[in-house]
Amino acid sequence: MPAMDDATLALLRATLLAQPVAALATLHGGEPAVSMVPHVCLPDGRVLIHVSSLATHTADMRAQDRVALLVTAPADRKSTRLNSSHGYI
């Protein structure tokens, strides 16, 4: 994945800070599954999500460490932005 420039990183960080909930996509029995999860953006840029140890998506992440996270810009913004990331946990 190519590196992001400073303007793109700033925009991504602003969106992450403005939106406290994201869509977490996992694989459940080989099929895609999406859950809404609260998240925080740490000062170093890492994103932490809050999930219950009893939740299906937690079991999915333990079985398959590939996930995707989708954060959208607030609805009151004039332009619609989607920030999506995928990776390993």
Side-chain angles (χ1 to χ4, degrees):
M1 178 177 287
M4 288 188 232
D5 60 43
D6 290 342
T8 303
L9 284 171
L11 189 61
L12 176 58
R13 183 168 177 75
T15 302
L16 287 168
L17 291 171
Q19 293 294 91
V21 178
L24 171 69
T26 60
L27 290 175
H28 184 75
E31 298 294 326
V34 178
S35 305
M36 300 307 290
V37 295
H39 69 84
V40 296
C41 186
L42 299 178
D44 65 3
R46 291 180 298 153
V47 176
L48 296 181
I49 60 172
H50 179 80
V51 295
S52 167
S53 61
L54 302 174
T56 302
H57 52 248
T58 302
D60 295 343
M61 289 186 289
R62 288 181 175 144
Q64 172 59 259
D65 62 357
R66 294 184 337 166
V67 300
L69 191 70
L70 174 71
V71 180
T72 62
D76 62 343
R77 298 274 172 96
K78 291 183 179 168
S79 65
T80 302
R81 284 194 316 267
L82 296 177
N83 294 298
S84 180
S85 182
H86 65 277
Y88 296 89
I89 56 169

Enquirer: Provide the closest heavy-atom pair for Met61 versus Val67 in the form atom of the first, atom of the second, distance.
Expert: CG-CG1, 3.7 Å
Enquirer: Is there a path of hydrophobic side-chain contacts, each under 4.5 Å between heavy atoms of I/L/V/M/F/W/Y residues, joining Leu9 to Leu16?
Expert: yes
Enquirer: Give a yes or no on this: more than 12 heavy atoms of other residues, nucleotides or ligands lie within 6.0 Å of atom CG of Asp6.
Expert: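 For Asp6, atom CG is not crowded (no more than 12 foreign heavy atoms under 6.0 Å).
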Enquirer: Do Leu24 and Thr26 make a side-chain contact, defined as non-hydrogen atoms from C-beta onward lying under 4.5 Å apart?
Expert: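 Leu24 reaches Thr26 side chain to side chain.
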Enquirer: Looking only at heavy atoms, what is the nearest atom pair of Leu69 and Ala22, with distance?
Expert: CD1-CB, 3.6 Å
Enquirer: Strictly by salt bridge (charged side-chain N to carboxylate O under 4.0 Å, His left out), give each pair with a member in residues 23-44 just once, sequence neighbours left out.
Expert: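 Qualifying pairs: Asp44-Arg46.
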Enquirer: Is it true that atom NE2 of His39 has more than 12 heavy atoms of other residues, nucleotides or ligands lying nearer than 6.0 Å?
Expert: yes
Enquirer: Taking C-beta and beyond as the side chain, do Thr72 and Gln19 meet within less than 4.5 Å on heavy atoms?
Expert: yes
Enquirer: Side-chain atoms of residues 51-59: list all donor-acceptor pairs with protein atoms under 3.5 Å, sequence neighbours left out, distances to 0.1 Å.
Expert:
residue	atom	partner	partner atom	Å
Ser52	OG	Leu54	N	3.0
His57	ND1	Ser35	OG	3.0
Thr58	OG1	Ser52	O	2.5

Enquirer: Rounded to the nearest 0.5 Å, what's the gap from CE on Met36 to CD1 on Ile49? Could you check?
Expert: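 Going from the CE atom of Met36 to the CD1 atom of Ile49 covers 12.0 Å.
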Enquirer: Between Leu27 and Arg66, which heavy-atom pair has the shortest distance, and what is it?
Expert: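 Taking every non-hydrogen atom into account, CD1-NH2, 4.4 Å.
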